[in-house]
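I have placed the structure first, in the form of structure tokens, so that the comments after it can refer back to it.
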Amino acid sequence: VIVTVLGSGTSVPQTARSAPSYLVEGEEWVLMVDLGPGSIWNLVRLSDRRLADVGLVLITHLHLDHVADLAPMLFAMRAPETGRSDPLLVTGPEGFADYYSALLGLYGPWVEGAGYDLETMEWSGEPLEWRGVVVEGACTTHSRPNLAYLLHDHGRGGSVLFTGDGEPTRELIRMGRDRTDVLICECTLPAGDCGKGPHEPWAGRAPGWGA
Ligand SMILES: [Zn+2]
């Protein structure tokens, strides 16, 4: 599995980091985890991939710095020049169905699939098998429901875990312990505040859990 970091920042614009988004590539599939603002531009700037290549989008949670580019992505893929024809599946945590319904209420057909099949679904709780990759989810503690995703690539091999935001939970540790080759872990805190804030999830905790 190949992971490209398209954005590793926060909601606050910075020169060095964009809002969170990751490109993940297997032998015969391409997916994205999170779509912070600017992600779809970073996809074409920082990788050889195009929107039409992405078959699955996993949203960790519905804070705008993780999901804001979903509507622009769907809007862009209505343009024939994106060459979109393969199906696209988009999934996210509790509240995702309402979120997409709200987008439909605002934008109507502009965020529907056109010339390709678009499926949106709230995470079922069950592992998702998709084109040789198996995706598992675990809830973490955050100010909105957040899903961490563990991806197993049965083609190239390897596994990668994306925590999204928030603090670790037993469910997350149970999912990832000894089963994770690469950990992509959110850790955001003001300088000098290590260990004090709600975004200090991993300081001193990651050692020993096998990632
Ligand atoms: Zn968040």
Side-chain angles (χ1 to χ4, degrees), residues 3-24 31-43 54 56-74 90-103 106 111 120-125 128 135-151 160-176 180 182-206 209 211:
V3 179
T4 304
V5 178
L6 301 176
S8 60
T10 66
S11 60
V12 180
Q14 308 164 59
T15 52
R17 295 175 187 266
S18 297
S21 186
Y22 307 93
L23 171 67
V24 190
L31 64 83
M32 291 178 77
V33 178
D34 279 340
L35 294 170
S39 300
I40 61 172
W41 280 266
N42 282 340
L43 173 72
V54 180
L56 172 65
V57 173
L58 304 169
I59 300 295
T60 61
H61 66 296
L62 299 173
H63 279 154
L64 282 166
D65 56 332
H66 292 253
V67 73
D69 257 15
L70 176 58
M73 180 185 196
L74 299 176
V90 185
T91 188
E94 178 188 341
F96 182 76
D98 287 343
Y99 182 82
Y100 182 66
S101 293
L103 290 181
L106 281 170
V111 291
T120 61
M121 73 172 198
E122 203 159 286
W123 184 253
S124 69
L128 171 67
V135 183
E136 298 177 50
C139 297
T140 73
T141 306
H142 193 36
S143 54
R144 294 200 71 150
N146 182 89
L147 271 177
Y149 294 107
L150 176 63
L151 282 58
V160 54
L161 193 161
F162 298 87
T163 66
D165 284 358
E167 299 184 50
T169 55
R170 288 184 187 282
E171 187 182 345
L172 171 62
I173 292 168
R174 206 164 34 238
M175 178 175 78
T180 303
V182 176
L183 173 67
I184 306 281
C185 178
E186 183 272 350
C187 187
T188 306
L189 62 164
D193 259 4
C194 187
K196 297 179 187 168
H199 281 279
E200 54 92 23
W202 298 90
R205 299 196 204 183
W209 80 286

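All ligand and atom numbering here is 1-based and tracks the order in the structure.
Under the 3.5 Å distance criterion, the side-chain polar atoms of Glu167 are left unmatched by any main-chain donor or acceptor of Thr141. For the pair Tyr100 (side chain) and Thr91 (backbone), a donor-acceptor distance under 3.5 Å is absent. Between the side chain of Asn146 and the main chain of Asp165, a donor-acceptor pair closer than 3.5 Å is present.
When you scan the N, O or S atoms of His63 for the one nearest the Zn ion (ligand 1), you land on ND1. In terms of distance to the Zn ion (ligand 1), the nearest N, O or S atom of Asp165 is named OD2.
Around the CD atom of Glu122, the shell of radius 6.0 Å holds more than 12 heavy atoms that belong to other residues, nucleotides or ligands.
Under 2.8 Å from the Zn ion (ligand 1) lies no N/O/S atom of Asp65, from backbone or side chain alike.
Angle NE2(His61) to the Zn ion (ligand 1) to NE2(His142): 100° [nearest 10 degrees].
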